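For reference, the structure discussed in these notes is given below.
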Amino acid sequence: MTSLSGVRLYTWQRLSAAVMAPLVVLHLGTILYAVNAGLSAAEILARTQGSVFWGAIYSVFVLAAAIHAAIGLRAILVEWARLRPVSAGWVSAGFALVLLVLGLRAVGAVVLS
Amino acid sequence: MAEEYEVSIWRGDATGSFVDYTVPARASQTVLDIVTWVQRHIDPSLSYRFACRVGMCGSCAMNVNGAPRWTCRTHASKVTSSGKLQIAPLRNLPVIKDLACDMSEFFDKWKKAEARFHPTLTRHDKMEPILPANPARVAASAGIECINCAVCYSACDTVAWNTEYLGPAALNRAWTLVNDVRDGGQKERLQAVSADGGCHACHSHQSCQAYCPNQLNPTASIAGLKKRAMGAYLKGELK
């Protein structure tokens, strides 16, 4: 941990939020479209499998969410669970890794044919 | 107006308890007057701090009916309608005895935040002309009237949760110095407030500005620090 961890984590959390904001809108719009159009799971997979666009969009989304959530969790662990900042940092890094693996696995499942 | 007040005052250290007293009510009676009356008429061993009695020195802050207040400028009739008062030491600071807290941690954090002036001129140089309308001077003036009473420090939940957090008063003072063109310690200060527990730990709950007896807004000062420090970090100016 460097002496700038306050500003570094703050900046990463804001930047990841800025990345996620348009992606959340796109994600919700896609859900509304899929539901309104009455697409079946097979029809959705037909559109996503092999798509570089959806693969890239959701990979970035997963990465931003893993960073953003882990930084927030670190603050909660320090403030409410009374963990030392270094310990909270390690637990949060582990949580980020879990989110990243589960998220990318899900992206792979709908994009890779 | 009630004829007398039923007052519960914290006695002892952190393991102490509230003790009840009955104090005659007077016109324009402050909470500090009530504490003083108890000490002079009932128990001379009651410990508390005060100095100026006119809201300038910042030494008489206590928790009154659950809220941190400057007791010398708090009329008892304004904070209770039932005639009952509970007076406790400030929150978030170790209790020494009764209503006196150990302020060491509060002032140590001022130093940690580089909330001190770094002079660049000597007495042989000309005075720096600073126009009152200068935007930096206006920003500094907005936070300059802090009396170091620790009311904001006591009101802040982030201080209660995060022992490393520097707190609203130290960061507010750091912001006034960030806006002082005469100061030569800008880089050190931005580094100091960018560390873990610095300005970025603030959740903007705004309890500091809600309870500040001088109507300052430390949350706004901290927001200024966050922005300034993040800008410097992104430009690679902080190492």
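Note that the structure is a prediction, hence the values are computed from the model and not measured. Every chain is numbered from 1 and lettered A, B, ... according to where its sequence line falls, protein lines coming before strand lines.
Taking the six-membered ring where tryptophan is involved, the planes of B:H200 and A:Y10 are tilted, since the angle between them lies from 30° to 60°. The aromatic rings of A:F61 and A:Y58 sit parallel to each other, their planes meeting at less than 30°, with 60° as the upper class boundary.
With a 4.5 Å cut-off on non-hydrogen atoms, B:L234 touches chain A through its side chain but not through its backbone. Within the 4.5 angstrom heavy-atom criterion, only backbone atoms of B:A160 (N, CA, C, O) approach chain A. Contact annotation for B:A229: both backbone and side-chain heavy atoms come within less than 4.5 Å of a heavy atom of chain A.
Between chain B and the options A:Q13, A:E79, A:R82, A:R14, the largest number of non-hydrogen pairs under 4.5 Å is found for A:E79.
Using a 4.0 Å cut-off between a side-chain N of Lys or Arg and a carboxylate O of Asp or Glu, B:K84 and B:D20 do not qualify as a salt bridge.
When the shell of 6.0 Å around CD of B:E237 is examined, it contains more than 12 heavy atoms from other residues, nucleotides or ligands.
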